[in-house]
Amino acid sequence: MTTTTTTHTVLRAEGFSCPSCVAKIEKRVGRLEGVGNVEVRFASARIEVDHDAERVSVDDLVTAVAKAGYKATPTAF
């Protein structure tokens, strides 16, 4: 039996200006295989993602946000 380690990644988002943008990003990132939870914080422009780092990389998360039409960069806080 293998155990999965969940990684909590925080991305800084740019370009979204409305609550419907939040749903769009959460839906796109949440579809990735290995993503457990996605929470977009509209007021602080942060995207917090719990994911299996062996299945989904930070680059995959950034790419998914880009496919939703927005820019995201990894951040330490």
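Every heavy atom of this structure was used, including side-chain atoms; hydrogens, water molecules and symmetry mates were not.
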So, do [X] and [Y] sit near enough that their side-chain heavy atoms are less than 4.5 Å apart?
{"X": "Asp52", "Y": "Thr7", "result": "no"}
{"X": "Lys24", "Y": "Glu26", "result": "no"}
{"X": "Val62", "Y": "Thr73", "result": "no"}

Establish, from distance only, whether the side-chain atoms of Asp60 and Ser57 form a donor-acceptor pair under 3.5 Å. yes
So that I can tick it off, tell me whether Glu48 and Arg46 are bridged by a salt bridge, with the cut-off set at under 4.0 angstrom between side-chain N and carboxylate O. yes
Below 4.0 angstrom, N of the basic side chain to O of the carboxylate: do Glu14 and Arg12 qualify? no
I'd like to check the side-chain hydrogen bond (donor to acceptor under 3.5 Å, both in side chains) partners of Arg31; sequence neighbours left out, ordered by chain and number. none
Kindly write out the residues that satisfy side-chain hydrogen bond (donor to acceptor under 3.5 Å, both in side chains) with Ser44, not counting sequence neighbours, or none if the list is empty. none
Hey, does the side chain of His51 reach the backbone of Val56 with a donor-acceptor pair shorter than 3.5 angstrom? yes
Contact summary for [X] and [Y], nearest pair of heavy atoms:
{"X": "Tyr70", "Y": "Cys21", "answer": "OH-SG, 3.3 Å"}
{"X": "Ala64", "Y": "Arg28", "answer": "O-CG, 3.0 Å"}
{"X": "Gly30", "Y": "Val35", "answer": "CA-CG1, 4.2 Å"}

Reported NE2-to-CG distance for the pair His8 and Asn37, which is rounded to 0.5 angstrom: 9.0 Å
For a side-chain contact (heavy atoms from CB on, under 4.5 Å) with Ile47, tell me which candidate from Val10, Thr9, Val65 qualifies. Val65
